[in-house]
Amino acid sequence: MPILDVRNLKLHYSTERGLVHAVDDVSFSIKEGEALGIVGESGCGKTSIAISIMRLLPRNVAVYSGSVSFDGGEMMQLPAEEFRSSIRWKKIAMVFQGAMNSLNPVLRAGLQVAEPLIANGTGKSEAERRTRELLHLVGLPTEVFSRFPHELSGGMKQRVVIAMSLIMNPKLLILDEPTSALDVSIQAQIMNLLKKLKRELKLSTLFITHDIALASDICDRFAVLYAGQIIESGDADHILLAPEHPYTQKLLSSTPRLRSEYKPDFISGAPPDLMTPPVGCRFHPRCPYVFEPCKTDPPTYSLSELQESRCWLHLNHQ
Amino acid sequence: MKPLINLQNVKMYFQVRSGFFRIQLAKAVDDVTLSINRGETLALVGESGSGKTTLGRLTLRILDPTSGRIEFDGQNITNLKEDELTWFRRRAQAIFQDPYSSLDPFMNVFQILEEPLKIHNAGDPRERRERILQALREVRLSPEEEFASKYPYMLSGGQRQRVNLARALMLKPEYIVADEPVSMIDVSSRAEILELLRELQQRYGLTILYITHDIATAKHFADRIAVMYLGRIVEYGSAAEIVKQPLHPYTIALIEAVPEPDPANRLRERSSIAGEQPSPIKIPVACRFHPRCRFFMPGKCDVIDPPLIEVKKGRYVACHLYPEPMSDA
Amino acid sequence: MLRRSVVKELLKTGSGRVGSIFFLVLIGISIYVVATYPLDFGVRSWRNPAVWADYPKAAPPVWTNLLSNLRSAEHQVLDKSQPTQILMGETSRTNVYEFRTNFLSDEPPTLISFTLAGVTFYERSPLLNIRFIRPDQNQLLLYSFVVPGPTAGEQAPIKRYYETPLRVALSNERSAISAVADFSRSSLGVDVDTAQLTREGILKILFSSPEAGHFRILKGVYAVQVAVELYDSRDSVGSLRLVLGGSTFGVLGTDSIGRDLAVGILFGFPVALFIGLVTSTLTTLVGAFAGIVSGYFGGKTDTLIQRVSDILNNIPLLPILIFLAFIFGQNLFVIIFVLIAFSWPGLTVIMRSMVLQIKSEQFVEAARVLGASRMKIVVQHIFPQTAPYVLAQMIFLAPAAILAEAALSFLGLGDPSIPTWGQILESGFRSGAVYVGFWWWIIPPGLLIIFTAMTFVLIALGLEPAVNPRLRRLR
Amino acid sequence: MGVARVLTVRGATLFGVLVAVLLILVVTLGATGVSDRLLNAQVSETLREQRQSLAQTIRDPDQLEKVLESKKQELLQFYGLDRPWYQRLPDAIIRVFTLDLGSARTLRTVGGSSKVSELIFERLPNTIILVTTALAITAIIGLWVGVRLAVKVGSRLDRAVSYLSAASNALPSWWTGIIFILIFSVQLHLLPIGGIFSAPSPSDIFGKVLDVVWHAILPILTLVAISVGGWTYSVRTMVLNTAQEEFVTAARAKGLPESIVMRRHILRVAAPPIATSLILGLAGSLGGAILTETVFNWPGMGRLFYEGILSFDEAVVVGLTFMFTVIYVVARFLLEVLYIVLDPRVRY
């Protein structure tokens, strides 16, 4: 049974200029102990998926529907207060994009990590002990406990944020671009840490990123997001080595490789505006293989046990 | 071949107030000697805070170096005043990192592209118009007339970078500094901009300084790579060789840290450099990389500052592991 | 495009539209005042008690009648300088000046007075006859008068009443009283004796008709004809004034020395606008200039400007303003100068940080690489980015200046030669109008200060959507 | 930047303010000849006293005049009146700084003293009572309402407060006070029209206190009315700005109850800018106090200012200008310290 099962999730925002279809009918699931990577370029709705699972919706939400079932229980029907007190951080925790912004500048790092424990009734000294333990686990010296965020380096802050996400022993960890603000050398350190945590704590992970190479460090399976929709999903081997959807193929060939002579490719045109996504297949205006059927929305084809793709090219597959 | 840009022992120190009455020096660029040949692309690779952008700005003389000598096409431009630099401004141009802040939001594309012509009094209005439309064609922003009348906020990141490129080309320069030109745009569009740059380079014989933190694109788009760490160039040589056989421990670590999309990644540790790059006001003594170096040799690396020496033909490294030129093996 | 859009966006918001309309109203009234008022209005009229001698003291506005059942008499000051009619006789000509008024109140006027100014004659002294004509067509000769003839040695032309006009309080004049007594007896058929008339006044009879033993106010058009008989073609008469005393006056009433508040308040419009606009414009110019210099050129000038503006910015304004106005004397221009001197740093500090921010934007660096001069970069790239904000600040400074001047005036430090709303309020406050409830003296000037200040605040609010997104983007 | 540095920089600026105001005062007084007049008045005052006492001992009028003349020269020299004004600047600064400004023309303390410093110090407590009470009430209302508005952005109340705040930029405090008098005192006879005590004032201490409170209601109401709108709105805006920060979302994600999120992650973080806003509003409050005291005949320093102006008393006006600056500078410095206590980014 998957730990997280998302079906037909929709999240639309209303803005002055119109309705933004940030998440448009997205389904995916994560098995226990598995890491799923959601990969997509800027403005394709990645972060919106994270916040709809965490139910941290902004004020201007227009549509929020579908089903999110966690550990067998349906979340969407849960009253807000119950969701807050029983699910958030206790079962599902999150590492936010940009650690420097997700730490409160006037509180000491230790308190920020320990805070959820204390709020749930754990004694101060016990919470402190547990926090120091966690700081050690994420590779930080324990004196970080009494430091303010502005006294820490970028990499240290990122580790604090990771420690913070682990304080309640969550089952599922959502990582939203956890390293995008860091230099490659620090990025590698953090990815190793996350890998270690996933292995040692048997965490189920949802890894959200624009960088498919980075995601391959930790993800067992991938879902490729384009314009608010998942256009291809499957296990790491298939997606990275034998992608079926033209967008995935193009995305991979656009990624410059250090260890091969293959020249990076590109996709011409710009990603669509989520206000007015193209009719039919959302990738068709930029797709090199575009043909007649692309003007209508393609179904999701199951290409194998492990791979699904949303493209008319697979019409003859079944 | 005569180099177009030649830097000799260039230093750029900034004053930083740190504490009461105490002013410290941030050594952004610290004794760099480097030349860029006519028609080549040199990639300056380094992490944030390595001084690569400062070095780029020095070659454009938007900064006055603390000391050292900067030559352009054989002429010393180190101490020229702004009004003596007009000829140089015409011949050297730049493309910037941020597609959102590099175009004046109050000007439309036509006005943006007309600005360089106006500054240098080039052509009459009709000729200007011709040249602007042609530049737009060259960066593949067509229909040109339509793009010319757009304001920056109506363009996507990739389109803005192309306007940036067109602006840099308006005066038909010889030298272009491209400072992280693609790091803020989507992966799927990066190669397009870089390809375009390369194509125009070939057409006009441009010399390019490509500043980047991404050694992978440097490998594909540059002829040579210079690796910077804390204000110093630590390694320097042809792009292919540096990637294939990095010599300096920092370069090695940098290359190892770059991920590639490979399902096998999750089964192994990524090698990484310990610690973080210190601030340019607290530069370690001697070899500045020694506190993080896995080949640290006590008594040597923390005592003597290794010079940048040519270890192979066209290959320079500043590291005590390579005290003398290597035999060609 | 973007410059035009500032105006467009201003008109898009409700507050911007209302503010703009208010502003046009202010401008319109100010133009009218500037065109019709003398420049030295303050000294010649407002501060000159003689001008207001014929006005009632502390009279509420006429329209307060609408609020009470009993309609009280409206104080009227009627002026004439041209005759209504000229009758040519054989040896003389008669200039007839007719004053008409539609009298509708429920009580008689409190007085009738007549003023004559500037008579020139050559041969014989002119003769004046004042005739009173009632709505019921009854009439009587109220008063006759011969201008005093030449004194010994006086040469023609003989001038009279130039320096001090002749003022006759008709209601107390002995001859008028007997004329009314006669009139009452002959035309109204009611006997009254002169002693009683002297005690009770003639106006009650003049303005009423008997009805079942009582006098009842007669409403309708009354006329007072002043006939001046002149005996030489060169003789001339300056101006005449008839005052019908009442307990209410004008649109806005009068103050305790009889000044028509409407006249003073009207004069306040251009003054308030002048104070607001001049102060805000000059402050903005100085502040923006200093800010740009400080932010863009840096160096020692920057440090100096920063220190000076830091200090000036932190000086509490009102005490120092009081001190300087007090020592340098009450002069509007001193007040404006001091306001500018202490308000520019606010804008400078903000401008400096904005300029620093814009300066670090890559398009400025791009312009430098292109070889644009510093001046060009400032004019072309930096100033336009700050312009909407500067404009908004300028508009926001105007109400502050208006309020500051009003506050100083209220403390008795206003410029006496230029009456302002603040000064009208000050005289009201100082003479105790507040405590006796002379609200018409207190409320309108205050409301107008608020109205004017609010106009600018509304426009500034209306500009916010045009200014703010840009600021946000700059941050 | 360390605390010491920050405090030194802010302290230096505020000290600069004090020096600047002192200089403006003495240079203006000197250059316009007012200081000569003031000092001459003091000289003649002293001479008059001395004449009386000397007249007892010296009978000969010529002799007396001679002695007085030499005394006069002594005094002129003592006050520096034999030198041009700019050479006397240091003395003048010290005189203003120590409020050694001689006597007021007609104003007297309750005890009958005419010394400027005594006049000012007699009035000082009344001003402080008024300003601090009004400030405290405004701050409390503003914080309480502002926080609630931030939660309900766009609600009718929110919009109303935003208009109110804009309108308060156009509202003269003194006129508001006058209108309050017209309504509450003249029309409704609810509250006294001014002053601080009733006549006759109650004899017991409790009654006296109540009497003061009774008289303070309208002035305080005025001071609060003109500043509460703007202050509430700025609290609301600062809370709102903080609430949009990512760490607030992170705090919510952590499953913390909304009360903790508000207190610890929003208010605590917004506290320094709120303190700044309070600092910036201080100058306005003092100005408002001068005018409000004048309107309500509240015997504080502000009313003394007005009385000094009416009696053309330079010494009083100078002393008060300086005193208001001192109060402002001291209060500012205290608030700067508060700011530093609130923001750890400055502390370390």
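In what follows, chains are A, B, ... by sequence order, proteins preceding strands, each numbered from 1.
Residues B:Val243 and A:Leu258 meet the side-chain proximity criterion, which asks for heavy atoms closer than 4.5 Å. Using a 4.5 Å cut-off on side-chain heavy atoms (C-beta onward), A:Ile186 and B:Glu276 make contact. Here the side chains of B:Arg292 and A:Ser185 are in contact, with some heavy-atom distance below 4.5 Å. Put simply, the side chain of A:Pro264 does not reach to within 4.5 Å of the side chain of B:Thr217, judged on heavy atoms.
Contact annotation for A:Asp237: both backbone and side-chain heavy atoms come within less than 4.5 Å of a heavy atom of chain B. For A:Ser268, the parts sitting under 4.5 Å from any heavy atom of chain B are the backbone and the side chain alike. In this structure, the portion of A:Tyr262 lying under 4.5 Å from any heavy atom of chain B is its backbone and not its side chain. Only the backbone of B:Ala274 comes within contact range of chain A, judged by heavy atoms closer than 4.5 Å. Only the backbone of B:Ser271 comes within contact range of chain A, judged by heavy atoms closer than 4.5 Å. When heavy atoms are compared at a cutoff of 4.5 Å, B:Ile255 approaches chain A by way of both its backbone and its side chain. Both the backbone and the side chain of B:Val258 come within less than 4.5 Å of a heavy atom in chain A. Of the two parts of A:Lys263, the backbone and the side chain both hold a non-hydrogen atom closer than 4.5 Å to a non-hydrogen atom of chain B. If you measure heavy-atom distances from A:Arg286 to chain B, the contacts under 4.5 Å come from the side chain alone. Contact annotation for B:Arg140: neither backbone nor side-chain heavy atoms come within less than 4.5 Å of a heavy atom of chain A. A:Leu214 touches chain B through backbone and side chain together, each having a heavy atom under 4.5 Å away.
Across all their heavy atoms, A:Pro256 and B:His220 have their closest contact at CB-CD2, 4.1 Å. When all heavy atoms of A:Val184 and B:Glu47 are compared, the pair lying nearest together is N-OE2, 3.7 Å. Shortest non-hydrogen contact noted between A:Asp220 and B:Arg266 is OD1-NH1, 3.1 Å. The minimum heavy-atom distance linking A:Arg257 with B:Lys219 is given by the pair O-NZ, 3.7 Å. Nearest heavy atoms, B:Pro261 versus A:Ile212: CB-CG2, 4.2 Å.
Taken from CZ in A:Phe266 to CG in B:Leu196, the straight-line distance is 9.0 Å, to the nearest 0.5 Å.
More than 12 heavy atoms of other residues, nucleotides or ligands lie within 6.0 Å of CZ in B:Arg203, so this atom counts as buried by the packing criterion. Shown here is A:Glu200, whose CD atom has more than 12 heavy atoms of other residues, nucleotides or ligands within 6.0 Å.
Contact count against chain B (heavy-atom pairs under 4.5 Å) is highest for A:Asp217 among A:Asp273, A:Ile267, A:Leu251, A:Asp217. For chain A, the option among B:Arg268, B:Gln277, B:Glu260 with the highest count of heavy-atom pairs below 4.5 Å is B:Glu260. Ranked by heavy-atom pairs under 4.5 Å with chain A, the first of B:Arg190, B:Glu256, B:Glu195, B:Glu269 is B:Glu269. Listed options A:Ser254, A:Ser216, A:Ala270 were ranked by heavy-atom pairs under 4.5 angstrom with chain B; first place goes to A:Ser216. The greatest number of non-hydrogen atom pairs below 4.5 Å with chain A, out of B:Gly49, B:Ser156, B:Gly158, B:Pro259, is found for B:Pro259.
A salt bridge between B:Lys244 and A:Glu261 is absent, with no side-chain N of the basic residue lying under 4.0 Å from a carboxylate O of the acidic one.
A side-chain donor-acceptor contact under 3.5 Å links B:Ser188 and A:Glu41.
A donor-acceptor pair under 3.5 Å is formed between the side chain of A:Gln189 and the backbone N or O of B:Gly275.
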Which is it for B:Val187 and A:Thr255 under the side-chain contact (heavy atoms from CB on, under 4.5 Å) test, yes or no, and what are the steps along the way?
CA-CA 7 Å; B:Val187 187; A:Thr255 310; 4.2 Å; yes
